[in-house]
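Since the structure comes first, as structure tokens, the remarks are kept for the end.
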Amino acid sequence: MIEINGTAHTIIAVSEFEKCAAFYHELMPFLGLECVFNGDDYLYYVGGRTALGVGRCDPQFEGDRFVQNSVGLHHLCFRARSKQDVDALHEHLKTMNATIVHGPEPGGWAPGYYSVLFEDPVGTRLELNYVPGKGVLADDAGFDASGDYH
């Protein structure tokens, strides 16, 4: 057995690459990630022990939008350091005219869970959450037999 050291990177493919590039060029620096590669068909951001690649999809899919609950990615969630960071991103998303699925709100996934959920220009679901302490690893955290958090 080994113990991994986090996630090295996530790569997403998008249609409407130019619109998405503008979106991610505004979002990622706000989250503290720096663009280390900016090509005609691919972007790569690094920061906060996280990396995100955004690439142009194959031409046959250029008119497609993200479909949550299809095969593959459901959504991508970044971890915030505070509830105030979640609130700050929400305010920034409004200045970007981003599609906000839900504003900052508590959730039942872990003690103190707090998040904002939003979409990129082609509908890829993105989230920023804050979970204090050890979250679901806390001594009193857990899920009951129905799968609900208690």
Side-chain angles (χ1 to χ4, degrees), residues 1-137 141 143 149:
M1 182 174 109
I2 67 167
E3 182 179 335
I4 65 168
N5 186 25
T7 300
H9 58 260
T10 301
I11 309 297
I12 60 174
V14 297
S15 60
E16 300 183 39
F17 182 77
E18 289 73 19
K19 281 185 184 178
C20 288
F23 176 86
Y24 285 100
H25 280 322
E26 189 166 345
L27 176 66
M28 293 294 101
F30 188 84
L31 297 177
L33 282 79
E34 178 182 344
C35 186
V36 297
F37 183 81
N38 184 6
D40 292 338
D41 296 319
Y42 189 73
L43 312 169
Y44 196 74
Y45 301 90
V46 176
R49 294 178 42 90
T50 300
L52 177 68
V54 180
R56 186 185 302 270
C57 68
D58 288 338
Q60 68 193 27
F61 303 112
E62 182 54 38
D64 291 356
R65 291 186 51 82
F66 176 79
V67 178
Q68 193 173 37
N69 293 321
S70 180
V71 174
L73 181 74
H74 182 272
H75 74 283
L76 176 61
C77 183
F78 298 100
R79 172 84 31 103
R81 295 183 183 274
S82 70
K83 288 176 75 172
Q84 293 78 14
D85 288 347
V86 174
D87 294 336
L89 177 61
H90 179 245
E91 292 303 313
H92 187 70
L93 291 168
K94 291 192 287 189
T95 69
M96 294 173 59
N97 294 315
T99 299
I100 299 170
V101 177
H102 73 68
E105 66 182 28
W109 298 106
Y113 195 98
Y114 186 72
S115 69
V116 61
L117 183 65
F118 57 101
E119 296 179 346
D120 74 6
V122 295
T124 307
R125 288 277 173 106
L126 304 163
E127 178 182 5
L128 179 68
N129 80 356
Y130 171 70
V131 178
K134 294 185 177 184
V136 297
L137 297 178
F143 293 88
Y149 177 79

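Annotation: side chain of F61 is not in contact with side chain of S15 (no heavy-atom distance under 4.5 Å). In this structure the side chain of R79 reaches within 4.5 angstrom of the side chain of N129, judged on heavy atoms. Residues L76 and T124 form no side-chain contact, since every pair of their non-hydrogen atoms from C-beta on lies 4.5 Å or further apart. In this structure the side chain of V122 never reaches within 4.5 angstrom of the side chain of K19, judged on heavy atoms.
Contact between F17 and E62 at its shortest, heavy atoms only, is N-OE2, 4.3 Å. Annotation for L52 and F78: closest pair CD2-CZ, 4.2 Å, computed over non-hydrogen atoms. When all heavy atoms of S115 and V86 are compared, the closest pair comes out as C-CG1, 3.8 Å. Annotation for Y113 and V131: closest pair CD1-CG2, 3.5 Å, computed over non-hydrogen atoms. A51 approaches A8 most closely through the heavy-atom pair CB-O, 3.3 Å. The two residues F23 and A98 have their closest heavy-atom pair at CE1-CB, 4.0 Å.
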Would you give me the side-chain donor-acceptor pairs under 3.5 Å for residues 24-32, sequence neighbours excluded?
unit_1 : atom_1 : unit_2 : atom_2 : d
Y24    : OH     : D120   : OD2    : 2.8
H25    : ND1    : Y45    : OH     : 2.8

Please list, one pair per line, the donor and acceptor atoms closer than 3.5 Å that link side chains of residues 33-44 to other protein atoms, with sequence neighbours excluded.
unit_1 : atom_1 : unit_2 : atom_2 : d
D41    : OD1    : R56    : NE     : 2.5
D41    : OD1    : R56    : NH2    : 3.4

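In this structure a side-chain-to-backbone donor-acceptor pair under 3.5 Å is missing from E127 to V116. For R49 (side chain) and T7 (main-chain N/O), no donor-acceptor pair under 3.5 Å exists by modelled atom type.
In this structure, the separation between CZ on F66 and CD1 on I12 is 8.5 Å, given to the nearest 0.5 Å. The NZ atom of K94 sits 6.5 Å away from atom CD1 of I100, with the distance rounded to the nearest 0.5 Å. Put simply, NE2 on H9 and OG1 on T50 are 12.5 Å apart, with the number rounded to the nearest 0.5 Å.
With sequence neighbours excluded, the residues that form a salt bridge (Lys or Arg N to Asp or Glu O under 4.0 Å) with E119 are R125.
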